[in-house]
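Chain letters run A, B, ... following the sequence lines, proteins first and then strands; every chain starts at 1.
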Protein chains: 2
Amino acid sequence: MRQPGDQADQAAAGRDPEAVSKFVEGFAAQLVEAGMQRMPSRVFAALLASDSGSLTSAELGEQLRVSPAAVSGAVRYLSQQHMVSREREPGSRRERYRVHSNQWYEALTNREAVLKRWESALSDGVTSLGADTPAGRRMAETLAFFEFVDEEIAAMMERWRVHREERFGQG
Amino acid sequence: MRQPGDQADQAAAGRDPEAVSKFVEGFAAQLVEAGMQRMPSRVFAALLASDSGSLTSAELGEQLRVSPAAVSGAVRYLSQQHMVSREREPGSRRERYRVHSNQWYEALTNREAVLKRWESALSDGVTSLGADTPAGRRMAETLAFFEFVDEEIAAMMERWRVHREERFGQG
DNA sequence: CGCTACTTTCAGAAACTTGTGAAGTTAAGG
DNA sequence: CCTTAACTTCACAAGTTTCTGAAAGTAGCG
């Protein structure tokens, strides 16, 4: 793949680890603040900051100074959320984890599942408190809002794909 | 408005506390799942399920079976997030907390502050890793995505206001 | 078919969060 | 001004989460 000491190697391995780490920890902190667990956040940020967009379990463990177990847990979570995909390097038992540059933010917007559950809870609320009560009406309106958002987000993502293609070409 | 004992009154005072509580806890659980703290979630859900859209500190404590301290903390958080507003009942030292039926979901969409911080972190990343590196390009694209989303969300909320007015009249 | 390089699972220690009671603060009303 | 209702702050206990090391599982390759 690559030889020790060549430029690509420097970029991948060296690349001012200081700066990389600073970004990784800073961005991860923002994700944590937004409600994501710490370790998945750090792993995700590390992948985002990697040149190839993919790292092995060992590389992640080393870079973040955590155990293989922690990497394993974080990666399981991220792939359940469709924020990374896993691939096996052919002819090795090493696994690589990858951010697909378009896949991941679609996943982030994909609060769709979350919205659906909110909608369902609200709908129950309207029924059990009564559609003709003030509280019921408030909840019905809220429900309508989320339904509206659902549709709008789908349309927005469609527009983004077009916008993106114009600006960046297909990733 | 209404007489004691009539149906609406029953709805406001009694209102099958069982059903209310079930909704409150269920909806709060969904909010928790989405990353919000437990107590703010419960307080918020309780307000949402109240007929008047507002409750006092004491009412919240009683309904949720928690201490005044817990209510105080939750309410501080919610008002920082602009998800509830506080008002003082004139001629009393009681405070009321209120969901404004349109205000609150605007606040929920108002991940704007969150997005801005992500954008700022990404922008730092592009700079420190180099706009001409693969990682830098990936981050620049991500940044572009968030900027796109910012604008789109503003437009979406504008459309919602129109849609809502048509369907519900001004709240 | 077994060795070995990797990954996953699991029990438990450490760190963090969360809610409480109690003391402290503020301001309404006499 | 003093009293007192109401809210807030704080130190701490209880509960949860998170990460680790160790053991178990899996699959390439000889």
Side-chain angles (χ1 to χ4, degrees), chain A residues 1 21 24-25 27-47 52 54-81 83-98, chain B residues 21 24-25 27-47 50 52 54-81 83-98:
Chain A
M1 294 210 133
S21 174
V24 167
E25 299 306 330
F27 193 66
Q30 296 303 330
L31 295 176
V32 168
E33 185 125 341
M36 193 159 147
Q37 294 154 354
R38 176 179 312 282
M39 194 57 65
S41 299
R42 296 179 71 207
V43 166
F44 185 75
L47 285 168
S52 64
S54 80
L55 295 169
T56 64
S57 188
E59 289 167 334
L60 283 166
E62 187 183 357
Q63 190 181 326
L64 302 175
R65 313 310 245 71
V66 295
S67 71
V71 174
S72 174
V75 150
R76 177 176 26 167
Y77 174 84
L78 289 171
S79 67
Q80 276 166 359
Q81 304 299 311
M83 291 177 70
V84 308
S85 56
R86 10 182 30 156
E87 38 191 68
R88 182 57 70 95
E89 306 192 306
S92 155
R93 43 214 95 154
R94 228 169 234 157
E95 202 122 27
R96 296 192 78 78
Y97 308 108
R98 156 163 273 125
Chain B
S21 173
V24 167
E25 297 306 329
F27 193 65
Q30 296 302 330
L31 295 177
V32 168
E33 185 125 342
M36 192 160 148
Q37 292 153 356
R38 175 180 312 283
M39 195 56 65
S41 299
R42 296 179 71 206
V43 166
F44 185 75
L47 285 169
S50 69
S52 64
S54 80
L55 294 169
T56 64
S57 189
E59 289 167 335
L60 283 166
E62 187 182 357
Q63 190 181 328
L64 301 174
R65 313 310 245 70
V66 295
S67 70
V71 173
S72 173
V75 151
R76 177 175 26 167
Y77 173 84
L78 289 170
S79 67
Q80 277 166 357
Q81 305 299 310
M83 291 177 70
V84 308
S85 55
R86 8 182 30 156
E87 38 192 69
R88 181 60 68 100
E89 304 190 307
S92 156
R93 43 211 100 153
R94 231 169 231 156
E95 202 121 28
R96 296 192 79 79
Y97 309 108
R98 156 163 274 125

Arg98(A)-Ser85(A) side chain donor-acceptor pair, cut-off 3.5 Å: no

Pair Thr56(A)-Arg94(A), side-chain donor/acceptor within less than 3.5 Å: no

Whole angstrom value for the distance that separates [atom2] of [N] from [atom1] of [X]:
| X | N | atom1 | atom2 | value |
| --- | --- | --- | --- | --- |
| Met39(A) | dT18(D) | CE | P | 10 Å |
| Tyr77(B) | dT18(C) | OH | C1' | 14 Å |
| Leu60(A) | dC6(C) | CG | P | 15 Å |
| Arg94(A) | dT26(D) | CZ | P | 21 Å |
| Glu89(B) | dG29(C) | CD | P | 12 Å |

Candidates [options] - which lies nearest the side chain of [X]:
| X | options | answer |
| --- | --- | --- |
| Gln37(A) | dT18(D), dA6(D), dT20(D) | dT18(D) |
| Ser72(B) | dC19(D), dT7(C), dT9(D) | dT9(D) |
| Ala69(A) | dC10(C), dC7(D), dG19(C) | dC10(C) |
| Arg93(A) | dT4(C), dT9(D), dT8(C) | dT4(C) |

Identify the two heavy atoms, one from Leu60(B) and one from Tyr97(B), that lie closest to each other, and give their separation to 0.1 Å. CD1-CD1, 3.8 Å

Any side-chain N or O of Arg86(A) under 4.0 Å from OP1/OP2 of dT8(C)? yes

Does Ser57(A) place a side-chain N or O at less than 4.0 Å from the phosphate oxygens OP1/OP2 of dT7(C)? yes

Remember a base hit wins even if backbone is also touched, and classify Gly91(B) as base, sugar-phosphate or nothing at under 4.0 Å, heavy atoms. sugar-phosphate

5'-most contact on DNA chain D: Pro90(A) or Arg38(A), nearest heavy atom basis? Arg38(A)

5' priority, DNA chain D, between Arg88(A) and Arg42(A) [closest heavy atom]: Arg42(A)

Can you tell me if Glu62(A) has over 12 outside heavy atoms packed within less than 6.0 Å of its CD? no

